[in-house]
Amino acid sequence: MLLQTQKTSLRPQTTAHLAQTMSLLELTSAELSQKIEAALASNPALELTEERRCPYCHRPTLKAGPCPACKAPLAAAADQPIVFVSPRRDFRRSGGQLEEDSDSPEEWTAAAEDLPTFVGRQIAPELSLEERALAAHLLTSLDEDGLLTVSLSEVARYHHVPLARVERVQRLIQRAEPLGVGSCSPQEALLVQLEVLAETRTPPRKTEQAIRLGMDALSRRAYGELGRLLGVSTEKAIQIADFISENLNPYPARAYWGDIHQGAAQQPFYPEPDIIISRLSETDDTPLMVEIVSPYAGALRVNTLFRQALSEAPPEKAKAWQQDFEEAALLVKCLQQRDNTLVRLMQRLATLQRAYILYGDAHIIPLTRAQLAQELEVHESTVSRAVAGKAVQLPNRKIVPLARWFDRSLNVRTALLQIIAEEEQPLSDTQIARLLARQGFDVARRTVAKYRSMEGILPARLRHHPTRPNGHP
DNA sequence: CTATGGCACGGATT
DNA sequence: AATCCGTGCCATAG
């Protein structure tokens, strides 16, 4: 029982198998989608089936995901996340030019609709015939962020209608889900969202001005500058910025705006989640549902007719066909294994980081890839590959890199933000370090300084507290 | 003398 | 093997 460790991983028969599984593992669902489509196009041995099956009982089902029969008992075990693979296709739009594809067959799920259709359906009832044309024009001119690529006046001119009519339509679009789509700029999108949000909640004072005047400072996370611009303290500015990044999204079509803190370097956004997590109920003990997006999962298979034809292949083709067949079989098998690995990974991860998933950054558990690899009995490079480049959508609709789940310092940094946000007067790094230690975060003073600058927070001395007296205009 | 930022070392990650 | 990250040490600014 000593050296039995080198066994299971050898299951794959060929090195090709192993290699391909590995390379598939690190692909995001969007990339995978492309790869599969390419394979489908070039390899006649592959085919798609129409039938969908429940990932648990394998009985045919109409929708992606566990069938109702499986879901209920699963949901009973609140401590175990429900993890499954879903073929949900991405939103990827090509250039988004006109011609609404009228040939779109059945959708896999509602989410497989493309953005223009999705929005169009929401607003259609409120549109006159003429307005529909305008709406169609606008909706087909969205970029992948959900922002317009044409100007309103351009559209107005094209259709020979007054600008005001186009504006009316745009307004309808903007107020549809996702809130703010069809805006001309991130700024406008934010304003629309703020407006709608204000109907039910009260945003911090000056939030609107912050968006109107401080977009630049905001995106650079120059909170001091933002504060000056608005005539408020840096803390107040941070508060506003936090509110904005917590609740608004400058790129409506992307579920969320990268990240709250984490210097300006946090440039890339994660438009298409590879993994989608949702909660089954609003209660604290809700089971989590983890959906691993794997394009064509369950639908891709080796064409059975092709297999039969293999034996009757004309001699000159036999070799090529045989090769196609083997390639196809390999691909299908590797995909299965990839999905399987991801399921196991997410199962464990969702359990470990449940608090983080439900309650946010402050509750993340520092976790290393190596640790997880050991628990799952896979090589750590496997975990690394699986995690790299993937995006997860959390129940609150935010999209974060899966790698974030392994951030060793995130919880400390959020605690640090918290402290600074609540400080009565500027605290020095040493003092902050002490406070953190009191909360169980044992970090060096030097490290506090690093985190602070990482979050774009000025040193204590420059962090003026405006001494409240002279309120605000 | 105190608070910070720069540089570099050692361990963890990739 | 190459990189990244938390820290300690030290110089500098106030």
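This is a predicted model, so every value here is computed, not measured. In what follows, chains carry the letters A, B, and so on, assigned in the order in which the sequence lines appear, proteins first and then strands, with residues in each chain numbered from 1.
- What separates CZ of A/Arg404 from P of C/dC4 is a distance of 18 Å, to the nearest Å.
- With values rounded to the nearest 0.5 angstrom, A/Leu300 atom CG is found 10.0 Å from A/Gln336 atom CD.
- A donor-acceptor contact closer than 3.5 angstrom is absent between the side chains of A/Gln371 and A/Glu380.
- When the P atom of C/dC4 is taken as reference, atom CG of A/Asp407 falls 15 Å away, rounded to whole Å.
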Enumerate all atom pairs, one protein N or O and one N or O from nucleotides 10-14 of chain B, separated by less than 3.5 Å.
unit_1	atom_1	unit_2	atom_2	d
B/dT14	OP1	A/Arg369	NE	2.5
B/dT14	OP1	A/Arg369	NH1	2.4
B/dT14	OP1	A/Arg369	NH2	2.8
B/dT14	OP2	A/Arg369	NE	3.1
B/dT14	OP2	A/Arg369	NH1	3.4

Q | Under 4.0 Å protein heavy-atom contact, by nucleotide of nucleotides 8-14 of chain C - B base, S sugar-phosphate only | A | BB----S
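- Side-chain nitrogen and oxygen atoms of A/Tyr451 include at least one within less than 4.0 Å of the OP1 or OP2 phosphate oxygen of C/dG6.
- The nearest pair of heavy atoms linking A/Leu46 to A/Ala328 is CD2-CB, 3.6 Å.
- Side-chain contact check for A/Thr414 and A/Gln418: no donor-acceptor pair (N or O, by modelled atom type) lies under 3.5 Å.
- Rotation axes derived from the C1' atoms of the five outermost pairs at either end of the helix from B/dC1-C/dG14 to B/dT14-C/dA1 lie 10° apart, to the nearest 10°.
- Computed from coordinates, the A/Arg413 CZ to C/dG6 C1' distance equals 13 Å when rounded to whole Å.
- The shortest distance between the side-chain N/O atoms of A/Ser409 and the OP1/OP2 oxygens of C/dG6 is below 4.0 Å.
- We find that CG of A/Leu410 is positioned 20 Å from P of C/dC4, with the value rounded to whole Å.
- Taking CG from A/Leu330 and CD from A/Gln323, the interatomic distance works out to 11.5 Å, rounded to the nearest 0.5 Å.
- Between A/Trp321 and A/Phe306, the angle of the ring planes lies from 30° to 60°, which puts this pair in the tilted group.
- Counting to the nearest Å, the C1' atom of C/dG6 and the CG atom of A/Leu416 are 15 Å from each other.
- Heavy atoms only, all atoms of each residue included: A/Asp407 and A/Leu410 are closest at OD1-N, 3.1 Å.
- Atom CD of residue A/Gln347 and atom CD1 of residue A/Ile292 lie 9.0 Å apart, to the nearest 0.5 angstrom.
- Contact record, A/Leu372 with A/Arg348: CD1-CG, 3.6 Å, taken as the closest heavy-atom pair.
- Taking CG of A/Leu342 as the reference point, atom CE of A/Met346 lies at 8.5 Å (rounded to 0.5 Å).
- Note that CD1 of A/Ile365 and CZ of A/Arg408 are 15.5 Å apart. Values are rounded to the nearest 0.5 Å.
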